[in-house]
Protein chains: 2
Amino acid sequence: MNSRTAPRPGVPAKRARNAADTKAAILQAAVTAFTQHGYDGVGVREIAQAAGVTAMLVNRYFGSKEGLFAQTVDAAFAPRTVVGEDPRTLSSATAATLVARTAPDAEHLDPFLLMLRSVPNPRAAEIVRAGIERHVGAHLAARLNGADTGERAELALALIAGTWLMRTVIGTDALREATPTLLTDQLQAMLDVVIDHRDEPTGSRVRRARTDPRA
Amino acid sequence: MNSRTAPRPGVPAKRARNAADTKAAILQAAVTAFTQHGYDGVGVREIAQAAGVTAMLVNRYFGSKEGLFAQTVDAAFAPRTVVGEDPRTLSSATAATLVARTAPDAEHLDPFLLMLRSVPNPRAAEIVRAGIERHVGAHLAARLNGADTGERAELALALIAGTWLMRTVIGTDALREATPTLLTDQLQAMLDVVIDHRDEPTGSRVRRARTDPRA
DNA sequence: GTCTATAAATGGATAGAC
DNA sequence: GTCTATCCATTTATAGAC
């Protein structure tokens with residue numbers, strides 16, 4: 001009965017003049033643009049144009065570029081991209097997914113790229129910190145056994161982020177040309193150092209004997 | 001005999017009007033500024049002011065902002081910061097140095113920060129790629145035994161870069177508040193997955209048996 | 001609900017004086 | 001060897017029309 005669905009006669013049907021749809025279109029364009037170029041690397045004009053609107057509407061619906069970025073981070077980190085659900089196959093599935101998604105010819109639209117490319121801006125870094133801790137960090141830590149789950153989860157994230165960085169953003173030769181199965185094995189073994197504590201029940205403070213390297 | 005060393009009378013002695021000294025001062029200011037704010041986050045004016053000159057001289061001596069950045073990357077990656085020299089203590093010394101240098105109250109001037117904060121700009125990323133491959137990557141790979149040294153070296157660099165990212169640039173809680181000795185042990189164990197192949201002489205194609213995770 | 005037009009600031013790079 | 005002054009492009013954000 002209202003004018004939300006059907007465009008009024010006389011209005012060109014470029015897109016419905018609907019606030020919710022417009023907002024969603026802007027957010028979708030923002031995810032793509034911020035992921036590809038980072039917070040400082042893209043202007044509000046660019047995002048607005050990709051969404052088919054003008055820059056003014058971005059500020060109208062999101063308050064500012066920073067407000068848009070905050071909602072973009074939330075939307076980008078909500079779906080699971082690399083870290084899986086099943087605790088038993090956590091390291092293997094994560095390693096395999098990571099290698100597949102960071103392949104040189106893959107699509108390369110991932111919240112880790114949004115993080116890596118937006119982090120030089122201190123305000124964007126703080127927004128990203130809150131987002132990754134709340135979404136991915138908590139998700140992964142909850143699936144770990146043993147002690148220090150928070151720290152170990154973030155060490156795993158450090159390796160994942162570093163792999164994204166070196167393999168796709170920087171694009172170093174050896175990692176780009178690496179055999180996928182070999183790379184997956186090595187990443188899984190590195191992840192298992194902090195993930196695979198299946199004999200240590202949660203809450204246990206017992207840690208493996210430390211082999212002092214300086215002896 | 002020439003006017004290179006002694007300032008001419010009447011010229012205020014703010015600094016010798018010497019091309020080499022001025023160029024060095026600009027380069028030093030560029031290392032600091034680019035490391036703290038990244039390639040896109042700092043202007044030529046800012047760097048020039050920190051060096052006590054005007055922006056014009058930067059373009060005069062380095063051609064462009066991009067030319068200045070290339071020489072900055074070379075100067076920043078030349079000294080060893082985290083990866084040590086002795087192959088036998090590679091993982092332990094690297095882990096200990098990394099934890100110390102990424103401590104929340106540390107100084108935080110490191111080529112890895114220069115990389116992390118400059119990488120959103122594609123041209124800067126390419127310059128950084130060449131620099132880190134030539135300096136740190138080759139240095140580390142040359143100290144590894146066994147096969148796939150290039151790939152394993154870059155996986156170690158991925159973990160190092162990711163640790164810098166999460167612990168200092170992003171600043172996640174669990175890694176900031178982690179016990180240094182515990183963090184060092186875990187990082188060393190992760191590094192040893194790709195570094196410690198002492199029973200496999202260089203050139204050996206024998207690899208450890210793969211435990212299939214999907215079974 | 002969305003537009004055009006513009007304000008106010010900042011970016012890299014250059015011309016020409018001294 | 002170094003400066004002042006300026007060009008031109010681009011940015012975020014806002015004012016006001018329709």
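The sequence lines fix the lettering, A, B, ..., with proteins before strands; numbering per chain opens at 1.
Using a 4.0 Å cut-off on heavy atoms, none of the residues of residues 62-75 of chain B approach DNA chain D. Non-hydrogen atoms lying under 4.0 Å from DNA chain C are contributed by V42(B), G43(B), V44(B), R45(B), all within residues 31-50 of chain B.
Listed pair T22(A) / dT2(C) meets the phosphate criterion, a side-chain N or O lying under 4.0 Å from OP1 or OP2.
Annotation for E107(A): atom CD does not count as buried by contact number, only 12 or fewer foreign heavy atoms lying within 6.0 Å.
Taking atom CG on L57(A) and atom P on dT14(D), their separation rounds to 14 Å, with Å as the unit. Between the P atom of dG1(D) and the CZ atom of R60(B) lies a distance of 7 Å, rounded to the nearest Å. Computed from coordinates, the N59(A) CG to dG1(C) C1' distance equals 16 Å when rounded to whole Å.
A distance-only check finds no donor-acceptor pair linking the side chain of Q49(B) to the backbone of T54(B) [under 3.5 Å]. The closest donor-acceptor contact from the side chain of H135(A) to the backbone of G131(A) lies under 3.5 Å.
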Practice problem: Apply salt bridge (Lys or Arg N to Asp or Glu O under 4.0 Å) to R134(B) and D74(B), showing your working. | Solution: CA-CA 10 Å; R134(B) 193 155 44 85; D74(B) 240 42; 2.7 Å; yes

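The distance from the OG1 atom of T172(B) to the CD1 atom of I132(A) is 8.0 Å, given to the nearest 0.5 Å. L157(A) CG to R152(A) CZ: the interatomic distance, rounded to the nearest 0.5 Å, is 12.5 Å.
Note that K65(A) lies in the cation-pi zone of Y39(A), set by a 6.0 Å cut-off to the ring centre and a 45° limit from the axis.
Between the side chains of R117(B) and H37(B), no donor-acceptor pair of N or O atoms lies under 3.5 Å.
In this structure, of dG16(C), dC3(C), dG1(C), it is dC3(C) that holds the atom nearest to the side chain of T54(A). Ranking dT2(C), dG1(D), dC3(C) by closeness to the M56(A) side chain, first place goes to dC3(C).
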